[in-house]
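Input: a single structure, listed below in structure tokens.
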Amino acid sequence: MSVEAKQETMGFQTEVKQLLHLMIHSLYSNKEIFLRELISNASDAADKLRFEALKNDGLYEGDSDLKIKVEFDKELKTITVSDNGIGMSRDDVIEHLGTIAKSGTKQFFESLTGDQSKDSQLIGQFGVGFYSCFIIASKVEVITRRAGLGKEEGVRWVSEGENDYTIESIDRETRGTKVVLHLRDDNEEFLNDYQLRNIITKYSDHISLPITMDKEEQVEIEEEATAEGEEAQSEENKDEEKKEKKFKTVISEETVNSATALWARNKKDISDEEYNEFYKHVGHDFEEPMAHIHNRVEGKLEYTSLLYIPKRAPFDMWDRQQRHGVKLYVKRIFIMDDAEQLIPSWMRFIRGVVDSDDLPLNVSREILQHNKVIDSIRSGCTKKVIGLLKTMAEKEPEKYAEFWKTFGKVLKEGVVEGDDYKEDLSNLFRFSSTHDDSEDQNVSIKEYIGRMQEGQKSIYYVSANTHAMAKNSPHLEIFKKKGIEVLLMSDPVDEWVTTHWAEVEEKPLQSVTKGELDLGDLKDEDEKKEDDKKSEDNGKLAERIQKVLEAKVKTVRATSRLTTSPACLVADENDMGRQMEQILKASGQEIPATKPILEINPDHPILKKIDGEANEDLFADWSQILFDQALLSEGSQLEDPATFVSKLNSLIVTLAE
């Protein structure tokens with residue numbers, strides 16, 4: 001197909017239009033980040049070429065000296081960033097520059113708030129920094145050819161950042177990509193050698209490729225000696241000759257950045273600013289990280305890790321399949337972008353790099369799945385992050401509170417995936433509790449245990465859909481009366497976590513919504529005798545209610561856990577928790593049908609009223625209302641709300657007569 005036949009104008013994907021609008025209007029206060037983003041993309045392109053060239057050296061096309069070049073032209077008002085990395089094919093250009101082919105696109109745009117500063121952070125997390133070109137440019141040209149393709153398969157992409165772009169096939173001798181920015185009139189301050197060098201040094205000094213710019217020097221023009229000139233001259237004539245020396249302008253390339261892998265440098269030689277700028281590159285973020293840890297392991301196994309905790313959660317953090325946290329390098333050579341084997345999924349918010357000296361350069365994802373070196377690196381990195389979090393929790397509790405608020409739900413998954421870090425994670429977990437009823441999750445297990453009453457053997461907790469529902473659960477009434485602290489769990493993951501988290505420091509975790517209430521030594525003998533008597537005296541009432549509700553409940557029994565509520569539902573000791581049932585049903589999973597246990601409070605006026613009710617139809621209505629009220633109080637949905645309201649209205653009318 002001819003070059004001319006392949007020229008066309010195409011419309012941007014709707015999401016790209018939205019993104020371009022955000023780029024132009026949300027990031028105006030920090031225009032210079034466009035250069036950081038373009039250099040970061042160029043660096044990634046070089047990394048990908050190195051990796052693919054491990055299997056096909058011909059991709060270098062005789063030029064393995066990889067670099068990035070930045071140029072500017074005052075007359076044309078252009079800035080050009082070019083690289084000799086992997087380059088792009090026509091399909092690559094359409095995919096990467098015309099559409100956003102990402103699984104989290106919908107979540108990304110749903111996350112936008114309209115607040116410029118907040119949205120700019122999300123743009124960075126989404127990893128589409130190329131579009132930041134349009135912050136300063138009225139038109140952008142991309143000229144590229146993928147390594148290994150013929151020279152006739154070059155591509156030119158042009159857009160003014162509005163509704164569409166033009167793409168055409170061209171001849172291009174060299175591989176790689178050149179991005180040409182045609183600046184708006186109000187951005188001409190960037191057409192300055194000092195300004196561009198300063199931006200490169202500020203944001204991209206850590207890039208391991210050389211970033212070059214042209215350097216102008218005045219060099220003396222040496223004239224050839226003539227026969228006449230060889231004659232002796234007076235001192236006066238020589239002085240005059242010195243004054244008349246001629247110079248010419250010579251342009252040479254100069255490397256602007258230090259061009260060394262930041263993680264390979266000594267920690268003592270790296271400033272916080274350098275660490276932060278490297279994070280913005282590797283984490284595709286515009287904001288500084290919350291914390292970092294830089295570690296070098298030597299001995300039988302040698303590797304370097306530089307890991308970061310972001311300040312805010314990625315918009316797609318709950319997409320467990322979306323892994324783009326830790327980059328893997330082998331001997332400074334980039335291998336892969338999202339090496340999920342290097343860090344457990346419950347730390348998927350971690351960003352950074354791991355550079356191993358012991359893995360083969362041709363390592364594949366399949367090899368990573370069954371590799372002792374990777375297992376050791378994973379274990380080492382996990383322990384380092386846990387150690388960082390422990391230190392933060394002890395020495396910077398306010399910062400840790402922010403971490404927990406942002407990433408606590410993900411960290412909880414760690415006790416589900418295995419027992420290796422259960423004890424460490426238990427000490428990092430934070431919960432709200434009845435100690436202060438605050439919604440803030442600031443109570444550690446250590447603090448809870450320190451406040452346990454004498455004779456208390458279990459760590460009590462209640463789980464519900466919301467904090468308010470947990471705090472006001474009828475199951476807590478006896479605990480509040482006795483001053484026994486209960487952990488309030490309202491994260492969706494909590495019920496799942498507690499099924500794998502049986503005890504802490506040899507103290508079992510006990511749900512207050514499962515099994516028969518047993519406070520053990522927290523009740524004296526007189527209270528226990530009173531409970532037994534209450535159960536015995538109300539056995540007939542319980543049997544009568546159960547007969548009405550036999551299709552819905554496993555059994556009915558009197559309880560001492562209630563002080564102000566008439567009834568509540570509990571799960572049997574070995575049955576699935578009520579909230580877990582709701583979560584699984586909501587996700588569309590089929591689960592075995594289990595009936596709850598209805599516990600009644602014989603001292604409540606409603607129970608005393610219906611105990612003497614001779615009309616079986618009215619008794620049945622009261623029993624049904626007790627059950628439905630108990631369902632509502634735990635956050636469940638009624639099967640037939642209309643019937644519930646009808647029965648309740650009828651009883652109110654009857655009582656009013």
Side chains of [X] and [Y]: does their closest heavy-atom pair fall under 4.5 Å?
X      : Y      : value
Thr466 : Met469 : yes
Leu632 : Phe644 : yes
Val282 : Leu306 : no

Test item: [X] side-chain N/O and [Y] main-chain N/O as donor-acceptor pair under 3.5 Å:
X      : Y      : result
Lys399 : Met290 : yes
Ser438 : Asp440 : yes
Ser646 : Ala642 : no
Glu634 : Ser636 : no
Gln456 : Gln453 : yes

Just jot down the side chain to side chain donor-acceptor pair (under 3.5 Å) partners of Tyr421, sequence neighbours excluded, or say none.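 Testing Tyr421 for side chain to side chain donor-acceptor pair (under 3.5 Å), a comparison that skips the adjacent residues, returns none.
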Pairing residues for Lys390 by the side chain to side chain donor-acceptor pair (under 3.5 Å) criterion, not counting sequence neighbours: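 Scan of Lys390 (side chain to side chain donor-acceptor pair (under 3.5 Å), adjacent residues dropped) gives Asp424.
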Between [X] and [Y], is there a side-chain N and carboxylate O pair less than 4.0 Å apart?
X      : Y      : value
Asp419 : Lys422 : yes
Glu477 : Arg561 : no
Lys514 : Asp572 : no
Asp621 : Lys647 : yes
Lys534 : Asp603 : yes
Arg348 : Glu413 : yes

For residues 503-513, which residue pairs pass the salt bridge (charged side-chain N to carboxylate O under 4.0 Å, His left out) check, not counting sequence neighbours?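 Checked against salt bridge (charged side-chain N to carboxylate O under 4.0 Å, His left out) - neighbours excluded - no pair reaches residues 503-513.
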Which residue pairs pass the salt bridge (charged side-chain N to carboxylate O under 4.0 Å, His left out) test with at least one member in residues 456-474, sequence neighbours excluded?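 Residue pairs passing salt bridge (charged side-chain N to carboxylate O under 4.0 Å, His left out), neighbours aside: Lys457-Asp521.
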Taking [atom1] in [X] as the centre, count heavy atoms belonging to other residues, nucleotides or ligands within less than 6.0 Å. Is the count above 12?
X      : atom1 : value
Lys384 : NZ    : no
Glu530 : CD    : no
Glu423 : CD    : no
Lys409 : NZ    : no
Lys446 : NZ    : no
Lys405 : NZ    : no

Mutual orientation of the aromatic rings belonging to Tyr275 and Tyr308 [parallel < 30°, tilted 30-60°, perpendicular > 60°]: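 The rings of Tyr275 and Tyr308 stand perpendicular, inter-plane angle above 60°.
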Once you measure the plane-to-plane angle for Tyr400 and Phe403, does it fall in the parallel (<30°), tilted (30-60°) or perpendicular (>60°) bin?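 Tyr400 and Phe403: tilted rings.
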For the pair Arg544 and Glu613, evaluate salt bridge (Lys or Arg N to Asp or Glu O under 4.0 Å) and give the outcome as yes or no after the intermediate values. CA-CA 11 Å; Arg544 194 176 170 196; Glu613 181 59 66; over 6 Å; no
Distance alone, cut at 3.5 Å: any donor-acceptor contact between the side chains of [X] and [Y]?
X      : Y      : answer
Ser458 : Gln510 : no
Asp491 : Gln441 : yes
Glu485 : Thr434 : no

Tell me whether Arg351 forms a cation-pi arrangement with Tyr279, defined as NZ or CZ under 6.0 Å from the six-membered ring centre and within 45 degrees of its axis. no
Results of ring-ring contact (aromatic ring centres under 6.0 Å, His included) for Tyr303 - residues two or more places apart only: none
Could you work out, with ring-ring contact (aromatic ring centres under 6.0 Å, His included) as the rule, every residue matching Phe429, not counting sequence neighbours? Trp404, Trp501
Does the ring centre of Tyr448 sit less than 6.0 Å away from the ring centre of His435? no
